[in-house]
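What follows is a single structure, written as structure tokens, with notes after it.
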Amino acid sequence: MNYRKLGKTNLNISEISLGTWQVGGKWGSDFSFSNAEKIINTAIDNGINFIDTADVYSDRLSEKAVGEIVRASSEEVFIATKCGRQLNPHVNASYTTAALRKFVEDSLSNLGVDRIDLIQLHCPPTEVYSRPEIFGLFDDLTTEGKIRNYGVSVEKVEEALKAIEFEGVSTVQLIFNMFRQKPSEIFFEEAKKKNVGLIARVPLASGLLTGKFTKTTTFNKEDHRFFNRDGAAFDKGETFSGIDYNLGLQAVEELKIIFNEDESLVHKALQWILSFNEISCVIPGASSVEQLVSNLNTSSISPISDTQLAQTKSIYDKYIKAEVQDLW
């Protein structure tokens, strides 16, 4: 495992880390603690020392499992969680310092820890990024010893730029992959100037970049890839990175030609992200140990070449850029 600094947090974290949205099983299935335990323990055994969760994942069960399993480990593992998405309605007016403080205290209890390594605002409305009192709360919580660092998870590049105007913001988590390249063109340099750690989420575009999907692939009705393609439940950028499914399949077919082997597309997609030095880590999810091990094998595959990087950019420009560049 290779490790990188997480910006001004100075935490040395595994460049391939673990996202836990579906760690209890496949999207739409009941949460399985035993499945989560197998995945998280395998991750730790293989050098992953940074695990990202959220209070809303599986109605707090993901967060609880992460805390319990990490506490039982003899290794030092950093936990990042997120707060804010429980607010209903999820609008700017619902964001109050009292509500957010309670969420943090609830996460402390749910995780079973005295201090959270990294707390992140969980994709709040754009207006929240212009409210100093919200970020001031997290400064207070840091002083109180309840959190070690704080950051934001964002939908849009403009939100990321607003967030890092606040000195206390140590990290930004954002969608970044072969189908979502705008952050590297606009945001990365600004984050580097301020020593902000960057966490890449949705690295495989909800599975599109595995190369395993076809026009006949079906998804469970409880799976966001079935019900959220047009943003019916939350920002559609979270589902297939906002790409039209069939258009994404066309682009993937050309990516397969570049990389020759279908089974290696997962590894190339992760290598592509990690080719950017500004990225601290990538957090692919896993609903099985097999998926996790596949992600971990990325480091053993021949590295992505400069020619392949250029060809990937050409495919993005041909199929994807006009569809997503101005939206996020």
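Note that the numbering runs from 1 along the sequence shown for the chain. What you see is a predicted model, and the numbers here were worked out from it, not measured in a lab.
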Does a side chain donor of either [X] or [Y] reach within less than 3.5 Å of an acceptor in the other side chain?
| X | Y | answer |
| --- | --- | --- |
| Thr312 | Gln308 | no |
| Lys82 | Tyr57 | yes |
| Asp52 | Gln173 | yes |
| Thr53 | Ser62 | yes |
| Asp139 | Tyr150 | yes |
| Asp235 | Trp328 | yes |
| Ser305 | Thr307 | no |

Carboxylate-amine/guanidinium proximity below 4.0 Å for [X] and [Y]:
| X | Y | value |
| --- | --- | --- |
| Glu238 | Arg225 | no |
| Glu254 | Lys318 | yes |
| Glu278 | Lys192 | no |
| Lys256 | Glu253 | yes |
| Arg101 | Glu144 | yes |
| Glu155 | Arg201 | yes |
| Lys236 | Asp230 | no |

Can you tell me how the ring of Phe240 sits relative to the ring of Phe213, calling it parallel under 30°, perpendicular over 60° and tilted otherwise?
perpendicular

Transitive ILVMFWY side-chain link Ile51 to Phe31, under 4.5 Å:
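Yes, one cluster joins them.
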
Any sub-3.5 Å donor-acceptor pair from Asn35's side-chain atoms to Ser287's backbone N or O? yes

- Task: Without swapping roles, check the side chain of Ser241 against the backbone of Gly237 for a donor-acceptor pair under 3.5 Å.
- Result: no

Got a sec: does the [atom1] of [X] have more than 12 other heavy atoms crowding it under 6.0 Å?
| X | atom1 | answer |
| --- | --- | --- |
| Asp114 | CG | no |
| Asp45 | CG | yes |
| Lys8 | NZ | yes |

### Message
Using the salt bridge (charged side-chain N to carboxylate O under 4.0 Å, His left out) criterion, which residues pair with Lys268? Sequence neighbours excluded.
### Response
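Partners of Lys268 by the salt bridge (charged side-chain N to carboxylate O under 4.0 Å, His left out) criterion come out as none, since no residue qualifies.
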
Item to check | Residues that Lys193 engages under salt bridge (charged side-chain N to carboxylate O under 4.0 Å, His left out), provided they are two or more places apart | outcome: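 Lys193 satisfies salt bridge (charged side-chain N to carboxylate O under 4.0 Å, His left out) with Glu190 only.
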
**Message:** Are Phe187 and Phe176 an aromatic pair, judged by ring center distance below 6.0 Å?
**Reply:**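 No; Phe187 has its ring centre 6.0 Å or more from that of Phe176.
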
Quick note, salt bridge (Lys or Arg N to Asp or Glu O under 4.0 Å) partners involving residues 55-64, not counting sequence neighbours, are Arg60-Glu63

For Leu118, the other hydrophobic cluster members (4.5 Å side-chain criterion, sorted by chain and number) are Leu6, Leu11, Ile13, Phe50, Phe78, Ile199, Ile283

> Under a 4.5 Å cut-off applied to non-hydrogen side-chain atoms, are Ser294 and His267 in contact?
Replying inline: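 In contact.
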
Correct closest heavy-atom pair for Phe219 and Asp223 would be CD2-OD2, 4.0 Å

>> Once side-chain hydrogen bond (donor to acceptor under 3.5 Å, both in side chains) is applied, do any residues pair with Glu76, and if so which ones, sequence neighbours excluded?
In response: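 Expected list: none.
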
Donor-acceptor contacts under 3.5 Å from residues 125-132 side chains, at least two apart:
| from | atom 1 | to | atom 2 | distance (Å) |
| --- | --- | --- | --- | --- |
| Thr126 | OG1 | Glu159 | OE2 | 2.7 |
| Tyr129 | OH | Ser153 | O | 3.4 |
| Arg131 | NE | Glu133 | OE2 | 2.8 |
| Arg131 | NH1 | Asn92 | O | 3.0 |
| Arg131 | NH1 | Asn92 | OD1 | 3.0 |
| Arg131 | NH1 | Tyr95 | O | 3.0 |
| Arg131 | NH2 | Tyr95 | O | 2.8 |
| Arg131 | NH2 | Glu133 | OE2 | 3.0 |

